[in-house]
Amino acid sequence: MNGTQWIIFILIIQVIHFLGTWKLYVKAGRKAWEAAIPIYNAIVLMQIINRPKWWVLLLFIPIINLLMFPVIWVETIRSFGRNKLWETWVVILTFGFYIYYVNYALDVNYIKDRSLQPRSGVGEWVSSIVFAVVAATLVHTYFIQPYVIPTPSLERTLRVGDLLFVSKFHFGARVPMTTVAAPMVHDTIPGLGIKSYLNKPQLPYLRLPGFAKVDRNDIVVFSWPADTVRQFFVSEKGVKKPIDKKSNYVKRCVGIPGDSLAVIDGYVHINGKQLQLSDRAKPQYDYMVYGSKGVSTRVLQEANAADYTRTFVMPPLNRDQINVLQANVKLRGSDTRANNQIAVMTDKKGIPTELIRALRISLKEETGRSREATLTDEMVAKLKSDATIDSVVRLITPKGQRGINLFPQSPDYPWNYSQMGPIYIPEKGKTVPLNLKVLPIYKKIIKEYEGNTISVSGNQISINGAIIDSYTFKQNYYWMMGDNRDHSEDSRAWGYVPENHIVGTPIFIWLSFDNFNDGILKWRPRWDRIFTTVHGDGEPRSYFRHFLVALALYFVGSWLWRRRKERSTNK
């Protein structure tokens, strides 16, 4: 909806409010016209229902107002003596239109000094829940949002199973564009599997003031620009989502508006110089590890290698054994060896000993002279110091070898994850020349992110029907990449991240679990990561012990205070 449409929509709402309440305003000792003046009528209504005037602000905060409107409807009819439970449900289920019946069909009297205390324990319980939901939704939407790291794209900077608090006020909270949505859930209602929002009406993009701007090296949570997925890992027709209901991704910002970015041998270069990452960043790449006597899994485990494949050779399995193995082990493949033996490839966790015993199988792990592994610099150094390792060589895709499903999806750009660019990161208000060569780079921005139509006739490009040879950007854009450089779907795959897709930045890890995707029974706390900050210099430091000490002091202090109070009362 544009500005004019919103003004018309608001005026319609005001007319609906006036027609449904003006007689009630009069019975409450006010003037009928007071029900017709926008904002002022809400202030007067708060006086009528004996609620604080600051509640008016909640009526104009997107998402929060969806929770407040039913409260106001209920408070309105109760101010005129309609206290029965069935009337409470009717006014909510009719979206407030039951007030019309009260206004025109019933002879009601205004209760000026109505008690605001719940009449029953259930009523008090409901009031407490409503208050808690409103407060939690306000915090969740505009200040702090919980987030969990589901994929290893930032390993080992942020790890799968890290539970974070994401600050929305650092960069300024993005006001929800989707006006009708369930509180405190994202795009799907848990358990029901249905979407949690209506596509219309939509508010225009607006961001509240923040105290920081997105900068290089910042870890950023953003709405995934390419998201048309209703449900991950399910093949089906894509859906068009509002910006604020797209799936949330977390990556590192490596390019900001105005930068010229290139990826050379896997390293990011900005304006001709290699980007220096923060000291807490732990980028990792794929390496080939060589050892003339074989590269053992033990050596990789001692180096704490992030990811590698293990191969187990065993006799043929029956169907029951295969089913159990597939249900309990993350298989990466299999093939047939000599003597009808089979080779099974798994992730680095391998096949649990208890499962081998339960299946009654004998197996042997292969340790070839070369093994591919995903490693950080520290892991590489650890491996090179081992006497059984001959060399560790980083795997780099050569320049000119075109990758699969990479931005900008054009044969004119034979880029890959190791070699890309140079590419300009668009800045709001800046103008770039536009021709058929560079059009694939900016086409998605012009068409999808900035709402223009594009057509090509011969060598001529038309935008919104006018032939052009340049384009001026309407907003800022960013380039996001994962620290797990060879295993991260990021801007190298789907391009720029528009500013209106920025959500916030992670600030605090409050819990962290190993085996997070293996089921809750297999979760193992990472004690050294619990209560650690995301940003800062040096190795992350856990403040969990400090928290426990503070919590203990609080309970001891509370007990001493109550005991002292009891003694003073008994004197």
Side-chain angles (χ1 to χ4, degrees), residues 151-161 265-267 277 279-314 325 328-335 337-338 341-357 361-397 417-418 482-488 512-518 522 524 526-529 539-540:
T151 64
S153 65
L154 274 169
E155 290 275 345
R156 301 227 165 176
T157 307
L158 291 178
R159 305 192 61 182
V160 174
D265 293 341
Y267 296 114
L277 298 177
D279 60 356
R280 284 199 181 183
K282 298 184 183 296
Q284 54 186 28
Y285 300 87
D286 285 348
Y287 288 81
M288 191 63 74
V289 185
Y290 296 92
S292 58
K293 295 182 180 181
V295 180
S296 72
T297 296
R298 176 190 58 80
V299 172
L300 294 175
Q301 289 173 337
E302 289 177 352
N304 200 22
D307 189 32
Y308 49 88
T309 297
R310 300 177 68 177
T311 302
F312 299 88
V313 180
M314 63 190 74
L325 195 64
N328 292 276
V329 178
K330 293 183 178 179
L331 300 179
R332 291 183 171 178
S334 63
D335 59 33
R337 299 293 172 87
Q341 290 190 319
I342 62 171
V344 173
M345 280 69 80
T346 75
D347 64 4
K348 69 175 187 177
K349 294 180 181 179
I351 303 176
T353 302
E354 58 271 20
L355 185 61
I356 297 173
R357 292 171 179 168
I361 57 176
S362 60
L363 53 78
K364 179 181 179 181
E365 183 172 3
E366 282 188 346
T367 55
R369 294 181 180 181
S370 63
R371 295 180 69 177
E372 186 175 330
T374 306
L375 309 169
T376 64
D377 289 344
E378 292 82 358
M379 297 171 191
V380 171
K382 179 76 172 177
L383 286 171
K384 286 183 175 180
S385 67
D386 192 288
T388 66
I389 301 301
D390 298 330
S391 62
V392 183
V393 180
R394 191 155 72 87
L395 301 177
I396 301 173
T397 307
Y417 262 35
S418 298
D483 287 354
N484 190 358
R485 290 296 165 83
D486 295 322
H487 301 276
S488 171
S512 183
F513 296 100
D514 262 329
N515 310 319
F516 186 75
N517 292 327
D518 297 337
K522 296 183 179 180
R524 299 293 181 269
R526 301 187 188 109
W527 298 108
D528 61 327
R529 295 185 67 81
E539 288 296 319

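All figures in this text were calculated on a predicted structure; none of them were measured in a lab.
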Does one side chain, of E365 or T297, offer a donor that lies under 3.5 Å from an acceptor on the other?
yes

Between D386 and K384, does any NZ, NE, NH1 or NH2 come within less than 4.0 Å of an OD or OE carboxylate oxygen?
no

Taking all heavy atoms of A343 and all of T311, pick out the closest pair and write down the distance.
CB-CG2, 4.1 Å

Between CE of M345 and OG of S334, what distance do you get to the nearest 0.5 Å?
6.0 Å

Partner residues of E378 under the salt bridge (Lys or Arg N to Asp or Glu O under 4.0 Å) criterion, sequence neighbours left out:
none

Can you find a heavy atom in the side chain of L395 that is under 4.5 Å from one in the side chain of Y287?
no

Value rounded to 0.5 Å, distance of CG in N328 from CG in L355:
5.5 Å

Tell me if a side-chain donor or acceptor on Y290 pairs with a main-chain N or O of V393 at a distance below 3.5 Å.
no

If you take all heavy atoms of S153 and S488, which pair is closest and at what distance?
CB-OG, 3.5 Å

Do L375 and V392 come within less than 4.5 Å of each other through their side chains, counting heavy atoms only?
yes

Quick one: does Q284's side chain get under 4.5 Å of V380's, heavy atoms only?
no

Is the charged tip of R394 near the ring of Y267: under 6.0 Å from the six-membered ring centre and within 45° of its axis?
yes

When you look at V289 and L383, which way does the side-chain contact (heavy atoms from CB on, under 4.5 Å) test go after all the steps?
CA-CA 8 Å; V289 185; L383 286 171; 4.0 Å; yes

Measure the CD-CZ distance between Q301 and R298 for me, rounded to the nearest 0.5 Å.
9.0 Å

Inter-residue atom distance I356.CD1 - S362.OG, 0.5 Å rounding:
10.0 Å

Can you check side-chain contact (heavy atoms from CB on, under 4.5 Å) on M379 and L300, steps first, answer last?
CA-CA 9 Å; M379 297 171 191; L300 294 175; over 6 Å; no

Does a donor on one side chain and an acceptor on the other come within less than 3.5 Å for N484 and E155?
no

Stepwise, does the side-chain contact (heavy atoms from CB on, under 4.5 Å) test hold for I351 with L325?
CA-CA 8 Å; I351 303 176; L325 195 64; 4.2 Å; yes

Can E302 and K382 be counted as an ion pair, charged N to O under 4.0 angstrom?
no

In terms of side-chain geometry, is the basic nitrogen of E366 or R337 positioned less than 4.0 Å from the acidic oxygen of its partner?
yes

Can you find a pair of side-chain heavy atoms, one from D347 and one from V329, that are under 4.5 Å apart?
no

Heavy-atom donor-acceptor pair, K348 side chain to R310 backbone, under 3.5 Å
no

To the nearest 0.5 Å, what is the distance between OG on S296 and CD1 on I389?
7.0 Å

Using side-chain heavy atoms (C-beta onward) and a distance below 4.5 Å, is R526 in contact with R159?
yes

So V295 and T388, do their side chains get closer than 4.5 Å, heavy atoms only?
no

Would you call D335 and I342 a side-chain contact if the rule is heavy atoms closer than 4.5 Å?
no

Does T376 offer a backbone N or O that forms a donor-acceptor pair with the side chain of K282 under 3.5 Å?
no

Checking the side chain of S418 only, and the main-chain atoms of T397 only, is there a donor and an acceptor separated by less than 3.5 Å?
yes

Contacts of type salt bridge (Lys or Arg N to Asp or Glu O under 4.0 Å), residue R280, not counting sequence neighbours
none

Before you tell me yes or no, could you show the steps for T157 and D483 under side chain to side chain donor-acceptor pair (under 3.5 Å), namely the whole-Å CA-CA distance, both residues' side-chain angles and the distance that decides it to 0.1 Å?
CA-CA 7 Å; T157 307; D483 287 354; 2.5 Å; yes

Distance from F513 atom CZ to N515 atom CG, nearest 0.5 Å?
11.0 Å

Which one of R156, R371, R332, K330 satisfies the salt bridge (Lys or Arg N to Asp or Glu O under 4.0 Å) criterion with D307?
R332

Within-4.5 Å side-chain heavy-atom neighbours: T346 and T309
no

Residue pair D286, T374: steps toward the side chain to side chain donor-acceptor pair (under 3.5 Å) verdict:
CA-CA 4 Å; D286 285 348; T374 306; 2.8 Å; yes

